[in-house]
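Taking it in order: structure first as structure tokens, then the write-up.
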Amino acid sequence: MSEEVKGKRDPEHSYSLKGSSFYGNAAVFVGSGRQINFFGISFSLGVLLIVLAVLIAGGFIALNIYRPLEGDKPTQRRTGPALSKTNPDDRFHVADNAGFLNALDPATGKELWTFHPPGTLRVSHKTMGLRIYVLATGRRTSGFYALDATSGDEIWSATERQCVGTPIGAASDTVLVDNGERVCALDEQTGEAKWFVDGWFRTHAIEANTLFSTDGTSVMATNLATGSLKWEEDTADGEELFAAKGILYIAGDNSLSALDGRTGKQRWNRASEGLNAQDALLTETSLLVSDSRGLHSLDVHTGEDLWTQRITESGRPTENSGTLYVPSSEGARAFSKSTGAELWRQGEGASHSAYMHSHGKALGLLYLFGSEITAVWPSSGMALWKFNTPSSESPKPVLIEGAILIADGNVVTALDPLNGKVRWKHTAQGTVDDMSHSYLTALGVIDRIP
């Protein structure tokens with residue numbers, strides 16, 4: 001016979017445990033004969049532990065998915081919905097080797113318009129705000145076109161040979177085109193030629209109404225408004241140019257120098273073996289470059305090291321809120337921008353990194369691009385999701401608010417930035433050569449992977 005265990009004697013609140021052949025070893029009687037059965041004490045404890053574990057796990061997941069970054073305002077806690085939301089006026093642009101340029105809706109993948117001049121074999125393009133500039137190469141002739149990025153309507157075209165080439169940039173109501181033999185300046189509104197400069201150039205940079213160009217042995221500065229030569233200086237090693245705040249940086253395989261953008265006079269020069277100039281990052285106070293010795297943070301005024309870090313085969317860094325995120329073959333690493341102190345490292349190798357922005361502010365996740373796309377928390381490096389990417393020969397991924405676009409052969413795939421799930425796929429006419437984006441308002445700031 002089972003033993004009764006009595007509690008309080010108040011009949012409305014008293015309870016007892018009694019044996020029961022139907023309900024197992026124990027049943028609970030609560031006041032006035034009301035009975036609550038738990039199929040035995042051991043089963044009750046098991047259920048309680050399971051519920052408790054679910055609650056703890058759910059709280060942990062919620063904390064990690066929606067927790068704000070350090071220093072974020074409380075209004076930025078809704079990371080999930082912000083990452084997944086797309087702007088209906090945004091566009092993905094996909095160019096393929098069959099000569100087609102397509103505009104796709106980031107939310108659905110619907111083809112909004114197609115540009116394919118008759119006889120075109122290949123198209124290359126550059127998106128600048130609400131304009132797309134397209135070089136269409138055909139069997140017999142080639143053309144240069146300005147399109148409305150939203151509608152795909154042709155605004156103007158240039159067919160003169162001297163003004164048909166690869167778009168390199170735009171400034172001061174001028175579009176610049178390089179055809180390999182000369183640089184031509186076209187009026188942004190009409191497409192009429194303003195001026196041209198003859199010569200073969202390795203690379204260009206635009207800053208402060210000036211076009212900087214180098215052929216590898218000298219660098220020249222051209223007035224964007226008139227085409228007149230401002231200055232020209234010899235340089236022994238000029239592979240890449242980048243300019244900001246009145247300073248022109250010239251990077252070669254074994255040296256890095258800074259010139260005054262107005263006069264061409266050298267400010268500083270330093271030896272740098274195996275310099276990776278293409279992935280240099282210029283911040284407000286420093287220049288981030290990598291070479292055979294590692295990653296260097298340089299003083300923009302003197303070229304002296306502020307700090308260095310040993311890192312192998314690093315890609316282009318990303319900077320946000322005082323932290324540098326550096327992808328490399330040995331894994332992504334985070335450093336303090338001011339001191340170079342390492343904050344965390346993530347074990348997967350990557351070649352590029354980027355934030356997604358909205359209204360001029362970085363959203364809560366950092367994306368690493370390599371053999372797979374990895375979404376990580378910037379504060380800790382903890383991976384949130386991963387997605388296998390196509391071969392390295394495919395175009396670099398494009399981030400637009402609410403979507404990530406990747407290409408493999410003639411198939412482009414859009415991923416949800418919050419969870420990495422496939423949203424839609426689109427099949428192009430030919431192998432995808434290049435991808436870009438456009439957006440309707442300045443509030444929707446979007447990052448292209450460098």
Side-chain angles (χ1 to χ4, degrees), residues 65-66 76 78-96 100-114 125-130 132 149-152 318 320 350-370 372-378 383-390 394-428 432-450:
I65 292 181
Y66 294 102
Q76 294 176 308
R78 296 180 181 179
T79 301
L83 280 172
S84 292
K85 184 178 180 181
T86 59
N87 187 328
D89 298 311
D90 292 342
R91 301 285 185 269
F92 279 132
H93 302 110
V94 177
D96 61 47
F100 289 83
L101 177 65
N102 295 316
L104 307 178
D105 184 332
T108 65
K110 178 182 178 182
E111 195 172 284
L112 301 175
W113 55 260
T114 298
H125 73 288
K126 193 174 187 69
T127 303
M128 305 178 195
L130 296 180
I132 302 178
T150 303
S151 66
T318 300
N320 185 57
S351 58
H352 305 283
S353 62
Y355 266 101
M356 182 175 293
H357 288 74
S358 177
H359 300 272
K361 294 183 179 180
L363 298 179
L365 297 181
L366 175 72
Y367 299 93
L368 306 174
F369 298 88
E372 57 188 6
I373 300 175
T374 306
V376 303
W377 285 115
L384 200 63
W385 57 259
K386 296 181 181 182
F387 187 91
N388 290 332
T389 56
S394 300
K396 294 175 182 177
V398 179
L399 272 72
I400 201 169
E401 187 174 344
I404 300 174
L405 193 67
I406 60 176
D408 185 13
N410 66 336
V411 178
V412 292
T413 302
L415 306 179
D416 187 314
L418 180 62
N419 53 37
K421 295 184 181 298
V422 174
R423 281 189 159 179
W424 51 260
K425 292 188 177 184
H426 172 82
T427 303
V432 176
D433 285 333
D434 195 15
M435 305 184 298
S436 66
H437 59 73
S438 62
Y439 48 96
L440 187 62
T441 66
L443 292 179
V445 181
I446 305 161
D447 273 354
R448 171 69 187 272
I449 309 299

Closest heavy-atom pair and its distance - Leu101, Trp113: O-CZ3, 3.9 Å

Minimal non-hydrogen separation, Ser436 against Thr127, with atom names: OG-OG1, 2.7 Å

Val376 side chain reached by Trp385 side chain, heavy atoms, under 4.5 Å: no

Salt bridge Asp416-Lys421, side-chain N to carboxylate O under 4.0 Å: no

Ile400 side chain reached by Leu405 side chain, heavy atoms, under 4.5 Å: no

Minimum heavy-atom distance between Arg91 and Ala149, given as atom pair plus value: CG-O, 3.8 Å

Note, Val398 side chain near Ile404 side chain (heavy atom, < 4.5 Å): no

Parallel, tilted or perpendicular: rings of His93 and His125 (30°, 60°): perpendicular

For Met435 against Ala407, the heavy-atom pair lying closest together: SD-CB, 3.8 Å

Pairwise side-chain contact, Ile373 with Ile406, heavy-atom cut-off 4.5 Å (strictly under): yes

Side-chain heavy atoms of Leu104 within contact of Leu112, under 4.5 Å: no

Short side-chain to backbone donor-acceptor contact, Trp424 and Lys110, under 3.5 Å: no

Contact check, side chains of Phe369 and Leu399, non-hydrogen atoms, under 4.5 Å: yes

Any side-chain heavy-atom pair of Asn102 and His426 under 4.5 Å: yes

Flag for Thr427-Asn410: side-chain donor and acceptor within less than 3.5 Å: no

Close side-chain approach of Thr114 to Phe100, heavy-atom, < 4.5 Å: yes

